[in-house]
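Count residues from 1 along the sequence.
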Amino acid sequence: MKKTDTNLYNILKERGLLYQCTDEEKLKKSLESGTPITLYEGTDPTMDSLHIGHCVPYCILRRFQKAGHKVLLLMGGATASVGDPSGKTELRKMLSKEELNYNIEKIKKSLSIFLDFDGDNPAVIVNNADWFKGYDYTDFMREIGVHFNVNKMLSNEIYANRIAEGGLTFFEMGYMLMQAYDFIHLNREYGCTLQYGGGDQWGNIVAGVELQRKLNFANNTNIELIGATNPLLLTPEGKKMGKTEKGAIWLDRDKISAYDFYQGIFQTPDACVEMMFALFTDISMPEVKELINKDIVMAKHKMAFEITKFVRGQVDAENAQTASFNLFKGGSDLDNAPTFELDKSEINKIILVDLLAETKLVTSKSEGRRMIEQGAVTINGKAVKQFNYVISENDFTENGLMLKKGKKNIIRVVKK
């Protein structure tokens, strides 16, 4: 049996990637033993793509796989049909089976950025729709439901918002039972003994560990499962990272340009920079702290470059960084800047505030008017303070029209 990297536990602790654990001492001993374990992380495929905030667990699973452990990725084809009530104030939209299957296929492509699905230790994708399909409801409730106390479930934080809104359904309460059983099933079929997930999943993860303890007592077995979480990547305002004022920082190339991806990462709040380095790069933490303390702006450029290179590749990272530096310094090299095509029929008709909204440089026209009045909007380097300024042929050079909001947000407008 191939030995694993026995330093993984120390790496997780040093980089702040282990937040909660049902039995940390046992996890430490297991990871330091040199014997590979099998672990999993679950994802409900409610969208057809992933943004940077979704990828925190995958960054951690990547470290486990590189250390020699077996990684399972659970796609919640069944649980997504119910919807995780954690932190929600309303019932999630129910997706059809066709929508869920489509999302799963799309997400698989993004996951290959983080995990190796080939070689001698490939990650394995499983779908809980496969084992819930045909599972008789009465049998499930007799085997699993009997071990869940409703009073205890209702006291769990994951239901707090839904209870406060007076809208928690029995349908949603079943989510915890299903996720807990996932852990049991994966242990039986794959020998999986560790579940890792975000801190907001702590209640669901603990439910799986406790379910196994009750099954041990009922069946006279001695199976030990461990649950662990990573800290959530939150902004100082308490919002989950992954989106900017211009939208989500998607992984898929067809959803975001390399420049916008780079800029989205670069705009990470100062307080989150260290965690982004810890998650997405292998740069040592002492070096990361030194970079941040020396120059936070250059540390952000380093972070944006390394993460763009990891997700999009070396060429995209170099082009995005070159465009970022050139445009920030007022350079004229727009080849790598994000481009917006404006229909020729709109020239001499469209006003500046409408163009800002259409290019998504602002989230609303009211924001656009405010930025224009403050002198924060420029056309080809010159401030324009009239929100009803009409875009004309004279605003276009051979390279197009450089529309800029503030120092960091630039769009090259070209004629279509």
Side-chain angles (χ1 to χ4, degrees), residues 4-34 36-37 39-41 43 50-71 73 111 113-116 121 123 194-202 205 226-236 238 240-242 249 251 265-266 268-296 298-311 317:
T4 61
D5 181 354
T6 57
N7 196 41
L8 178 59
Y9 174 80
N10 293 330
I11 292 172
L12 294 173
K13 293 293 286 185
E14 179 191 24
R15 302 185 84 83
L17 305 182
L18 179 59
Y19 176 48
Q20 298 158 299
C21 188
T22 57
D23 191 338
E24 188 168 340
E25 186 58 33
K26 183 172 179 60
L27 177 62
K28 181 176 185 292
K29 289 180 179 178
S30 179
L31 296 182
E32 291 179 345
S33 70
I37 64 170
L39 73 153
Y40 89 98
E41 188 273 337
T43 296
L50 301 172
H51 64 59
I52 206 75
H54 294 139
C55 301
V56 175
Y58 306 129
C59 291
I60 295 171
L61 294 184
R62 170 177 168 265
R63 295 187 184 279
F64 272 88
Q65 186 181 41
K66 288 177 67 176
H69 300 285
K70 186 69 176 180
V71 168
L73 282 169
L111 293 174
I113 295 170
F114 302 89
L115 297 164
D116 184 5
N121 183 31
L194 173 64
Q195 180 183 3
Y196 227 106
D200 57 345
Q201 291 297 307
W202 178 243
I205 292 172
I226 301 174
T229 68
N230 54 264
L232 297 178
L233 191 56
L234 301 175
T235 67
K240 288 185 179 181
M241 281 279 293
I249 311 171
L251 269 63
I265 301 297
F266 179 76
T268 295
D270 292 0
C272 302
V273 171
E274 185 174 325
M275 179 58 74
M276 289 287 279
F277 268 112
L279 283 164
F280 290 93
T281 80
D282 292 324
I283 299 173
S284 70
M285 294 316 293
E287 185 179 345
V288 167
K289 294 178 189 295
E290 184 180 348
L291 283 169
I292 293 172
N293 292 333
K294 185 177 180 180
D295 187 333
I296 187 64
M298 292 311 297
K300 283 186 172 186
H301 275 298
K302 174 72 172 176
M303 173 189 68
F305 178 83
E306 291 297 328
I307 297 177
T308 304
K309 182 176 71 172
F310 174 50
V311 174

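- The side-chain heavy atoms of M275 and L17, taken from C-beta on, include a pair separated by under 4.5 Å.
- By the 4.0 Å N-to-carboxylate-O rule, K66 lies too far from D116 to be salt-bridged with it.
- Nearest heavy-atom pair, P286 versus E14, reported as atom, atom and distance to 0.1 Å: CD-OE2, 3.8 Å.
- A donor-acceptor pair under 3.5 Å links the side-chain atoms of T22 to the main chain of G227, judged by distance alone.
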Report task. Could you please spell out the steps behind the salt bridge (Lys or Arg N to Asp or Glu O under 4.0 Å) verdict for K28 and E32? Result -> CA-CA 6 Å; K28 181 176 185 292; E32 291 179 345; 3.2 Å; yes
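- Counting heavy atoms from C-beta outward, R62 and V71 have side chains that stay 4.5 Å or more apart.
- Counting non-hydrogen atoms of neighbouring residues, nucleotides and ligands closer than 6.0 angstrom, the CD atom of E24 exceeds 12 such neighbours.
- For the atom pair CG of L18 and CG of L12, the computed distance is 6.5 Å after rounding to the nearest 0.5 Å.
- With contacts defined as side-chain heavy-atom distances shorter than 4.5 Å, the pair L73/E41 qualifies.
- Between D282 and R15, none of the side-chain N atoms (NZ, or NE/NH1/NH2) sits under 4.0 Å from a carboxylate O, so this pair counts as no salt bridge.
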**Report entry** Check against side chain to side chain contact (heavy atoms under 4.5 Å, CB included), L279 and Y58
**Finding:** CA-CA 9 Å; L279 283 164; Y58 306 129; over 6 Å; no
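- Atom CG of D295 sits about 9.0 Å away from atom NE2 of H301, to the nearest 0.5 Å.
- For the pair P36 and G68, the tightest heavy-atom approach, listed with the atom from each and the gap, is CB-O, 3.5 Å.
- Across all their heavy atoms, P231 and G16 have their closest contact at CG-O, 3.2 Å.
- Shortest non-hydrogen contact noted between T308 and A317 is CG2-CA, 3.7 Å.
- Ring geometry for F310 versus F114: interplanar angle over 60°, hence perpendicular rather than tilted (30 to 60°).
- Between the CD1 atom of I60 and the CG atom of L8 there is a distance of 10.0 Å, given to the nearest 0.5 Å.
- Within a 6.0 Å sphere centred on NZ of K302, heavy atoms belonging to other residues, nucleotides or ligands number 12 at most.
- Within the 4.5 Å cutoff, the side chain of T229 has no heavy atoms near those of the Q201 side chain.
- Residues L232 and V56 form no side-chain contact, since every pair of their non-hydrogen atoms from C-beta on lies 4.5 Å or further apart.
- Residues I52 and L233 fail the side-chain proximity criterion, which asks for heavy atoms closer than 4.5 Å.
- For the residue pair I265 and M303, the shortest heavy atom distance occurs at O-CE, 3.2 Å.
- Between atom OG1 of residue T268 and atom NZ of residue K300 there is a gap of 7.0 Å, rounded to the nearest 0.5 Å.
- A 4.5 Å side-chain heavy-atom check between L111 and L50 finds at least one atom pair inside the cut-off.
- Shown are Y19, F64, Y40; of these, the ring-ring contact (aromatic ring centres under 6.0 Å, His included) with Y196 is made only by F64.
- Contact check for L31 versus I37: side-chain heavy atoms found under the 4.5 Å cut-off.
- Put simply, OH on Y9 and CD on E25 are 7.0 Å apart, with the number rounded to the nearest 0.5 Å.
- Here the straight-line distance linking atom CD1 of I205 with atom CG of D200 works out to 8.5 Å at 0.5 Å rounding.
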